[in-house]
Amino acid sequence: MKNKQAQINDILADFDKNNFQQDLINWFKKEQRSLPWRDNQDPYRVWVSEIMLQQTKVDTVIPYFNRFIEKFPTPEKLAEADEQEVLKAWEGLGYYSRARNLQNAIREVVSDYGGKVPEEADELASLKGVGPYTKGAILSIAYDKPEPAVDGNVMRVLSRILHIQDDIAKQSTKKLFEGIIREVISQEDPSSFNQGLMELGALVCTPKSPSCMLCPVQEHCRAYQEGVEQELPVKTKTKKQKKVPYAALLITNEQGEVLVQQRPEQGLLANLWEFPMVPMEDIDREHLPHWFFGEYGMMITPGKAVDKIKHVFSHLIWDLEIIPCTFDKGELDHPRARFVAMDELESYPFPVSHQKIAKHCK
DNA sequence: AAGCCGGGGAG
DNA sequence: CTCCCAGGCTT
């Protein structure tokens with residue numbers, strides 16, 4: 001192809017933009033779900049919802065959103081909270097860097113913008129965790145600005161309506177869709193337009209078997225007219241995860257407290273808590289006590305495994321063997337580990353995998 | 001461009 | 001099982 005704008009012009013040459021906008025917006029205003037973050041246009045609430053909704057289903061987000069807003073009703077309240085408190089509110093939702101970045105960004109809003117979420121695209125984009133999608137979502141939904149908010153739904157819906165066969169896994173394709181949205185977005189109601197595309201993707205133009213008979217923009221859809229809606233969007237495969245074996249240790253002392261530790265500040269499940277994990281890919285089973293003494297300064301005797309847990313992440317798989325251990329002697333010497341009473345465990349943020357392990361404590 | 005970063009539900 | 005979900009950051 002020549003250049004991007006030429007491609008966009010070509011795609012939109014025979015597209016009935018005005019009627020498409022009207023059909024989409026009318027449908028959205030009539031059929032949209034009642035969701036807590038749609039109560040008003042408070043940019044803080046819109047922001048929190050958009051972060052939570054990243055790679056996460058609406059039904060999963062609803063209870064988290066309500067609890068989060070109740071606990072941190074304003075930017076100021078979130079800014080002054082402990083990070084552990086925020087992670088606890090995020091516990092089980094996944095992608096925990098979202099929570100840390102959100103608080104980081106909100107603190108910047110409070111200190112540098114007087115607590116008011118910026119309306120300027122560049123200022124918004126400079127905030128931690130606010131990428132092209134979230135920026136556009138906040139600008140259009142909270143501030144009624146005609147900015148593209150291109151997510152997976154929008155790419156699926158538009159690839160079908162406009163019969164676009166570019167690979168949506170490529171970021172150049174996302175740019176293409178942003179360019180298209182800039183051309184076709186409603187200037188009068190960009191909020192309903194953007195949300196309408198996403199709502200359509202969630203309720204009608206679904207990945208597997210779209211409900212084309214119920215679609216409000218069926219007459220605008222090139223893929224439907226050609227009967228190829230199931231073939232779109234085009235997306236390259238993702239490779240499968242690597243398995244990593246661990247022994248998760250349940251170590252209790254004489255007071256009945258259990259040993260837990262805070263994970264590193266960066267990387268997987270950053271700053272969440274866990275039971276000590278021994279990488280069994282590197283450590284021979286009989287050397288486990290020796291390895292543990294070197295790391296923690298304590299002598300332990302591993303018992304028999306009481307359970308196995310397989311936990312799947314997006315890029316790897318943990319094979320966890322749950323092993324209760326007796327604490328023989330020595331003194332705990334580890335910067336991020338401590339003994340905690342059983343009834344205090346619940347105040348620490350744990351990933352779901354270790355919440356399952358914790359059930360074996362009793 | 002590719003890898004890292006969670007967890008859940010649909011089919 | 002596979003896919004994917006209102007993505008962003010890092011390398």
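The model shown is predicted, which means the values in this text are computed figures rather than measured ones. Order of the sequence lines fixes the chain letters, A, B, ..., with proteins taken first and strands second; residue numbering starts at 1 for each chain.
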From [options], nucleotide with atom closest to [X] side chain:
| X | options | value |
| --- | --- | --- |
| A:K208 | C:dA6, B:dG11, C:dG8 | B:dG11 |
| A:T134 | C:dA6, C:dG7, B:dG6 | C:dG7 |
| A:N101 | C:dG7, C:dC9, B:dG8 | C:dC9 |
| A:Q54 | C:dA6, C:dC4, C:dG7 | C:dG7 |
| A:K57 | C:dA6, B:dC4, B:dG8 | B:dG8 |
| A:E199 | C:dA6, B:dG7, C:dG7 | C:dA6 |
| A:R38 | C:dA6, B:dC5, B:dG8 | C:dA6 |

Original post:
Using the benzene-type ring in the case of Trp, are the ring centres of A:H311 and A:F313 under 6.0 Å apart?
Top reply: yes
**OP:** Verify the ring-centre separation between A:F350 and A:W273: is it less than 6.0 angstrom?
**Re:** no
**OP:** Using distance alone, with no hydrogens and no angle criterion, decide if A:S126 and A:E108 have a side-chain donor and acceptor under 3.5 Å apart.
**Re:** no
Original post:
Is the closest side-chain donor-acceptor distance between A:S140 and A:N194 under 3.5 Å?
Top reply: yes
Original post:
Does A:R67 make a cation-pi contact with A:Y64, if we ask for NZ or CZ under 6.0 Å from the ring centre and within 45° of the axis?
Top reply: yes
Original post:
Has the side chain of A:Y133 got a donor or acceptor that lies under 3.5 Å from a partner of the other kind on the base of C:dG7?
Top reply: no
Original post:
Quick one: the side chain of A:T56 and the base of B:dG6, do they pair up donor-acceptor inside 3.5 Å?
Top reply: yes
Sugar-phosphate only, base, or nothing, as touched by [X] at under 4.0 Å among non-hydrogen atoms:
| X | result |
| --- | --- |
| A:G201 | nothing |
| A:K239 | sugar-phosphate |
| A:R156 | sugar-phosphate |

**OP:** Could you tell me whether the phosphate oxygens of C:dC1, OP1 or OP2, come under 4.0 Å of any side-chain nitrogen or oxygen in A:K310?
**Re:** yes
Find the distance [X]:[atom1] to [N]:[atom2] and express it as a whole number of Å.
| X | N | atom1 | atom2 | value |
| --- | --- | --- | --- | --- |
| A:D59 | C:dA6 | CG | C1' | 13 Å |
| A:K240 | B:dA2 | NZ | P | 20 Å |
| A:W90 | B:dG6 | CH2 | P | 12 Å |
| A:K356 | B:dG6 | NZ | P | 15 Å |

Original post:
Quick one: on DNA chain B, does A:H315 or A:T60 contact a more 5' nucleotide (nearest heavy atom)?
Top reply: A:H315
